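Since the structure comes first, as structure tokens, the remarks are kept for the end.
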Amino acid sequence: MPPETLTALQEIAATNQWSALAPEITLGVAALLLLALELALPKRLVAVAVPRVAFLGLAAALALVFKDWAAPLFGPELFGGLVRQTTDSQIMRVFFLVASALVAFIATVVLPKHKVPRVEFFHVLLVATGALMLLPQSNHFVQLFVALETVTVALYILVAYFRTSPFSLEAGLKYLVMGSLSSALLLFGIVLLYGVAGNPLLAGHTAQAMNFGELAAFVRLNPEHPLVVVGAALVLSGIAFKIGAVPFQIWVPDVYQGAPTPVTAFLAVSSKAAGFALLLVLVRGPFQALAHVTIPLLSTFAALSLLFGNLAALGQRNVKRLMGLSGVSHAGFLLVGVVAAIAREDAVSWAPAAVYFYLFTYLIGAMATFGVMAHVSVGDDADQDFRHYAGLARRSPLLGAVLACGVGSLAGIPPLAGFIGKLLIFVAAFQAHQWTLLGVAIVAVVISIYYYFGWVRAAFYDQGSESDRNVAPIHLGVAAGATLVALALAAVLLGLYQGPLGQWIATR
Amino acid sequence: MTPVTTTLALLLLPLASATVIALFLRRRHNLAAALSVTAAAGIAALAATLIFAADRTPVTASLEWLTLGPLNLSLGFLVDDLAKLMLSVVAFVGFLIHVFSLGYMHDDAAKARFFGGLSVFMFSMLGIVLADNLFMIFIFWELVGFSSYLLINHYNQKQSAADASKKAFIVNRVGDFGFLLGIIWCWWQFGTTNLTELTATMGEGGVIVSTALPLLLFCGAVGKSAQFPLQVWLPDAMEGPTPVSALIHAATMVAAGIYMLCRIDVLMTADALQVILWIGVATAAYAALCAVVQRDIKKVLAYSTLSQLGYMVAAFGLGSQATISHQEYQLLDGKVAIDLLPVLVPAGAAAAMFHLTTHAFFKALLFLGSGSVIAGCHHEQDIFKMGGLWKKMPVTFWTFTIGVAAIVGLPFLSGFFSKDAILYLAFQNNKAVFGILTATAVLTSFYMIRMWKITFFGEARSHESEHAHETGLTMTLPLVVLAVLSVIGGYGWFFPSIAGSFAEAIPVAHGTAHTAMLLLSIGILSVGAGAAWLFYKSEPTDTLAAKSPAAFGLLERLKEGPDRFYGYYVAKVQQRFAMVLNFLDTIFVAGLPRVGAEIVSWFGAGARLLHVGSIHGYVYWFLFGAALCWAIATGLL
Amino acid sequence: MTISLNAFLLVAGLLFAIGFFGVLLRRNTLVLYMCLELMLNATTLALVAFSRFNGTADGNTFVFFIITVAAAEVAVGLAIIVQLYRLRRTVQVDELTALRD
Amino acid sequence: MNDATLQLLLQLAVATPLAGGLILAFGNLLPKRVCKLIAFVGFLVPLLVALHLWWAYAAAPKTSGYAFLSVTDLGLSRAVGIALKLGLNGISLPLFVMAALVGFAAGVSALNSGAERLKQYLMLLLVMHGGLLGVFASVDIFFFYFFHEFALIPTFIMVGLWGGRDRTYAAMKMTIYLTVGAMLSLAGLIAIYTKSGAASFDLINLRLALAGDGALLASLQHHFFGLLLFGFGILVSLWPFHTWAPLGYGAAPTAVSMLHAGVLKKFGLYGLVQIALPLLPLGAQDWSQWLVWLALANIVIIGLVTMAQRDLKQMISYGSVMHVGYGFLGVATLTTLGAGGAVLFMVAHGLSVALLFLLGQEVLVRTGTFDLTQMGGLVKRAPVLAAFFSAAMLASIGLPGFAGFWGELTIFLSLWTISKTVTALALLGVVISAVYGLRAVAKIFFGEETELHAKYAAAHPTADLSWSARLPALVLLAALFFLGFWPKALTTPLNATLGEIYPAIEAAVKVVATQ
């Protein structure tokens, strides 16, 4: 081993700060502990213990994230350039942990209604959360690809979790085919970028083509090179699949309908958020010099998603498909924020923060709605229609109120958080002179009010046919009730008082 | 009590009485009546102190009411000779009518509301009389319209009364439409609507840009004094109780139009006066013709009022623009004060006001007389059902006769002096007008004597008139006082005391012209009265209808004409047009967005159908997506 | 006679296209699945070619990750297809359209 | 009362109804009587505070800037410049007082309206009332918009749940129309803010940033004013966008239509007078011709359409849509007189429309129908109601002695600068409103009693206007009378503020009178 390689290896080894990834590691350990628990504990205790351990694992991870929130580990790339931690990645790690906790909560409500093993769900969930947390910290395509594929494969399993229901399996198959197709495209993009960045004939070629820093330097030198541009486009298309933006969104309604409700929530919130976190990292990292490509591309995606998402959702009666399509329209709004972040980097420095703020309001609104859906779905999980919501306000006023807050926040009705999220995106887009996108966004909001109003109307106004009337009021566990009320209050409070989050945006 | 405080008290007294009645005395009828009458008495007393005050200088005061940008609108008084003359009419006649209504409305169910309404009317009328700028006149103009609406609608159970009051208010509003437009134009043209300032600016050579301005202001008078295009509401206004007809639709409110014209005669131009003249003449002639065929005693008097108002407007039209001479002198603080020398009042305005005053007296007398007749005959109003009342109601008969004598122009009564002044003025200025006015005078005496004979002579023609009885003292006393006023109203020693400078400007014929006018009026009287007396037998049917149905039918159609025209316009044209607009509104303006929403929902359905469910279909989307990315990346798109 | 980089890329591109259109056209889910794996292998080929000609080592290490991920996908994918066959007694893609609007 | 306590009072006025609403949200824990008491306090306190602030303001009228100004940062102040700034100036004070008055009247009428699920109904009404007060009290443009939406959401819910016939369709149509309007105006407001480069999103800084040569380019002003005009136009039912109003108010419960038609609809006009005109004078000039003709369409076309209405509530709704045309005309003249007239008009119209809806409901209670063709002779059974209703109708058609006259007079005076024909056409409205107004009064109350009335009266012998119903009507009528007799109470503060803002507009805008 020549001495200089030895020293080089030692230097790289020095950057392996395992403590930086402590939260992810605890999740992994917790996941394994769950499996062990299932073996050790008697049958009846398992059903109770498993969710609690899962929550404990998540809480521990959250604590660790907060412990060394601004530790010196930031800045230099860790693990030989694989991982790079910034405030944005820290915020997203908190986001994923909170989202997974809520998904776990919904799972505790939905899973008992179906004869499916309980442990594997939480095990896979924890592993997926760990992978999700790694994504925004990735600084190298290998790290990106591995984390992305872990999440995707975990989701294949979760989407097809109800082995006895054809819908869940078919959704799993569709998600599988689409997922692997998109990861193939992504991979092809990475390969092209790797190929062209390493090509010795080009100026600024680099050995570490996979590393974002090196790649960014190379791209800055020859932004017009066809292979670079096509490679970047293909990578962005892979991510477009993840966030469910048009034209890669055709699978969303079917998979959202087929998948179990907690998994739909996981897909709608965490997977989409991961896509956006990654997009922001790529677009402001390696592809920063490619603004002439990324802006038109993402603007087209945004405009199409806003229009397609809202139009398709207009006549939609099935609640889960509606959430899917509304997710597509929210992807459109977020893309407007991302475009604003790229368009005038200097003027609108706080645009990425606006995107993250929007993600949090989307988290609250969506999770509140999914929480209510979990309680309302009686028979087959896939078939939830407006009819089931008829006279919800009478059957359980609390669920009615939470639904109103959740859907209201998704729709962007003023007193609720969603409105502030949309407002920040609008102001950012205005300052970034994205006039056409704003026009489309305004039209989109108006159309979205229609189908959200339709849903709330079903819950509050329609008395429903006789058959639904005599359905017994929905039983609501104390913990479940508390979580839902907390979510609803968060939606209202964040709408009125942005406090720390507001300050955080300002300090960007 | 300085003059200003008396004027203020004069204005606020009826307002106070109206508010007290409205708030506290709605059930206490007698107390409300008493309060209203005492208020009227107070007004008469205060007015007397103002009118007969020693120094003749005009009382002025004003208070800034509203400032907004360039507009600073203030409300104030200008009590000069003209105002004092009108004040005397309003105060004295008003008081007498209040006393009369004590008796007439004695057993009415809503007496409190009636007397409250009278007080509101007195407040608004005094507002017009005392106002010193056009804005204030307009405000009280509409309030007077409202009070006439309130009082015509007194018997609100009757559908006809409700329709009549609505018609009166709307027609007044049409007049106010033009009036307000004129005021706005005047404000923008002269920067102020204060009458004294207007006179001053006109005096310094201010020029009226276009005759449209005075004509628009004249619209107000047309609406209020029921001149030709807008005269349809006055006959219907007879639905109100008789004291209301006497006070509002004979003596004061309808005269407000002429009073307002005299107030702003500085703004008149020659051809505006020409238009006013011919409208006055047209109304006079038209109304006189219609009066000939009326059956209802109050309708006859209503049309006769219309005709006399036509006379007054014609008289005003005959006069020329006021010539203003003034003297400017520097005040201490450098402001220029304008001391108006006694304004040379135009003859037309003086004649109009003179006739207005005398008309107020004898027309009020006639109306109250008819009221007393109606009360006596237990609310029977059709003259062909009366007859032989001269024996049963002597006081009413004699006072009524004095009234008739005054209106037909029996020499040496007030009517003779004022009508001849107008005829003489017409004779001097415009022969054609003189001819028509003389013919109208003949018609006037014709229909008055007709009504007089049918009502009082012959034998009683119905059960009510059979048992008619003289009315009480509260009703007959005002009749007597008014009869006295109708007689002495025209004489030189009475009228100048209330008219001041207006009295000198009245055109009086001297020498040969004097005798000619005397003979003329005697001729008119004998021709008209004689024909009526001989022609009409006092039987239950109208002899004209019996004798020459064609003429009767013609006159009948003449009366119905405008009513049917307006009725057709409102019911057919306006309502149809409104229906069409409503239909268009609900179909197009509301329809378009619905169509838009429908189209959007089609797109929605289309987008939804794209989810075909088969994996192959979805992979095609991916192909399209990859192609799109590649195209945008390489700059194709 | 040495094979140039472009030749490798050409083969990789062809393989990728074949895989893509295989997914697009074949009706049997299993064959469709093989085509997906084919596309992944095409990318590995291209990666190795780039790594060799550019003289950089990252490409080679990346290949191993791709292979492991592909293996994981296959395991999960086949489990789903088998279970789906047990329930629906078919693997034809055109018949698996229960979820649609 | 030093300035600090006055600021606190203003915050209190806006906060009490909201707090009341919050308490009533957990209403089913409290007995009904307590809920009604809380609601009554929630409606009363803002009225008392508003009157006191009015008196305090009159004592020391501010010729520039805002009185009772208080700033509370809710987190977004550094990032986007948004903070809750409450304050009143000459333009917003009259409307704030009117909002408090109408709110109190609507609240009291709702209290004894006996609507089912009364607690939720009162909660939503309190939230709406808080939103209304917030609209006129907020200096920060964002919160100006935020409070408007805050008041709009309960409206949709109340129309949808407690409404009359085809209420769900009406609620749906209102939601869509008003959201489109709200989005357009929000877009305009944000555009102004972003382009002005002002330090924060409130009127004071915006006017500073845009004053003098800092003004925006004429083309930008043109587009932004277009956005604001059509956004506010939809919210205030300008002619082509008015179709939601009659449908919405027809189906809305009384208290909601009182508050919405009376107060919330003034959001757009107030926005134009307080925000759009001062900040975008050149834009306003470009659009003023459009606005004039659209507003005239409002007056003449909708006026005639009102005449064709057979349903009383529809007629009142169409009447309010027609009268709004006057407000727009006042604004379109771009003069101090016009804008002042528009504000006076808004106050008077708010009071009279609310009174008409209130009494319209009382007529329904006594006749069982809104269909005018079957009504007649109600005066025999309800003389006091007849008196109130005719007074309300006369106030709404602008009879002097009521507040409405001053608004209309000043607007007509200001219109002269535009052209004679425009003034004449606008004045037509005076006659049209007299026709449909008096026709309705005569149809309902006077003339013989129709057999329908007699039958209904026999079945439900209801006495005349009860005292609990008379209180709100008296409050509104007293306000109309007071402002009619003593307009100076409003015009002095109004003139002071307009004097500070509008001369600059008139200078910037050389309004060419298209004679």
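The figures here come from the full heavy-atom set of this structure, side chains too, leaving out hydrogens, waters and symmetry mates. Keep in mind the model is a prediction, meaning the values are calculated, not measured. Here is how names work: the chains are called A, B, and so on, in the same order as the sequence lines, proteins then strands, and each is numbered from 1.
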**Prompt:** Does any heavy atom of chain D fall under 4.5 Å from the side chain of B/Gln575, the backbone, both, or neither of them?
**Reply:** side chain

**Complete:** When the 4.5 angstrom heavy-atom criterion is applied to B/Arg594 and chain D, the contacting part is side chain

**Asked** Measuring heavy-atom distances to chain D, does B/Tyr149 have an atom under 4.5 Å in its side chain, in its backbone, in both, or in neither?
**Response** side chain

**Message:** Let me confirm one number: the CZ-CH2 distance from D/Phe485 to B/Trp65, rounded to the nearest 0.5 Å.
**Reply:** 8.0 Å

**Request:** For D/Val430 and B/Arg173, work out which heavy atoms get closest and say how close.
**Result:** O-NH1, 3.3 Å

**Prompt:** By a 4.5 Å heavy-atom criterion (distance strictly below it), what part of B/Phe135 contacts chain D: side chain, backbone, both, or neither?
**Reply:** side chain

**Request:** Report the distance from atom OH of D/Tyr436 to atom CD1 of B/Ile170, rounding to the nearest 0.5 Å.
**Result:** 12.0 Å

**Item:** Considering all heavy atoms, the nearest B/Leu143-D/Pro400 contact
**Value:** CD2-O, 3.5 Å

**Request:** Tell me, for B/Glu64 versus chain D, whether the close heavy atoms (under 4.5 Å) come from the side chain, the backbone, both or neither.
**Result:** both

**Asked** B/Phe140 versus chain D, heavy atoms under 4.5 Å apart: side chain, backbone, both or neither?
**Response** neither

**Residue part contacting chain D, namely of B/Val580, when any heavy atom lies under 4.5 Å** = neither

**Item:** Straight-line distance of D/Lys443 NZ to B/Gln159 CD, nearest 0.5 Å
**Value:** 7.0 Å

**Message:** Working to the nearest 0.5 angstrom, can you tell me the gap between B/Ile184 CD1 and D/Lys420 NZ?
**Reply:** 12.0 Å

**Prompt:** Does any heavy atom of chain D fall under 4.5 Å from the side chain of B/Asp163, the backbone, both, or neither of them?
**Reply:** neither

**Item:** Flag, side chain of D/Asn495 to backbone of B/Gly69, donor-acceptor distance under 3.5 Å
**Value:** yes

**Message:** How long is the straight-line distance from OG1 of D/Thr336 back to CG of B/Leu71, given to the nearest 0.5 Å?
**Reply:** 11.0 Å

**Heavy-atom pairs under 4.5 Å with chain B, option from D/Tyr318, D/Phe445, D/Tyr502 with the top count** = D/Tyr318

**Prompt:** Which atoms form the tightest heavy-atom contact between D/Lys173 and B/Ala590, and what is the distance?
**Reply:** NZ-CB, 3.9 Å

**Prompt:** Can you say whether B/Leu73 sits under 4.5 Å from chain D via the side chain, the backbone, both, or neither, judging by heavy atoms?
**Reply:** side chain

**Message:** Restricting to non-hydrogen atoms, name the atom on B/Ala162 and the atom on D/Phe446 that form the minimum distance, rounded to 0.1 Å.
**Reply:** CB-CB, 3.5 Å

**Prompt:** Can you find a heavy atom in the side chain of D/Val435 that is under 4.5 Å from one in the side chain of B/Gln574?
**Reply:** yes

**Distance (rounded to the nearest 0.5 Å) between B/Thr586 OG1 and D/Leu247 CG** = 11.0 Å

**Asked** If every non-hydrogen atom of D/Leu413 is compared with every non-hydrogen atom of B/Trp187, which pair is closest and at what distance?
**Response** CD2-CE3, 3.5 Å

**Request:** Taking all non-hydrogen atoms of both residues into account, name the closest pair between B/Glu142 and D/Gly398 and its distance.
**Result:** OE1-O, 4.0 Å

**Item:** Side-chain heavy-atom pair D/Glu448, B/Gln157 within 4.5 angstrom cut-off
**Value:** no

**Request:** Would you please classify the geometry between the D/Trp416 ring and the B/Trp185 ring as parallel, tilted or perpendicular, with 30° and 60° separating the classes?
**Result:** tilted

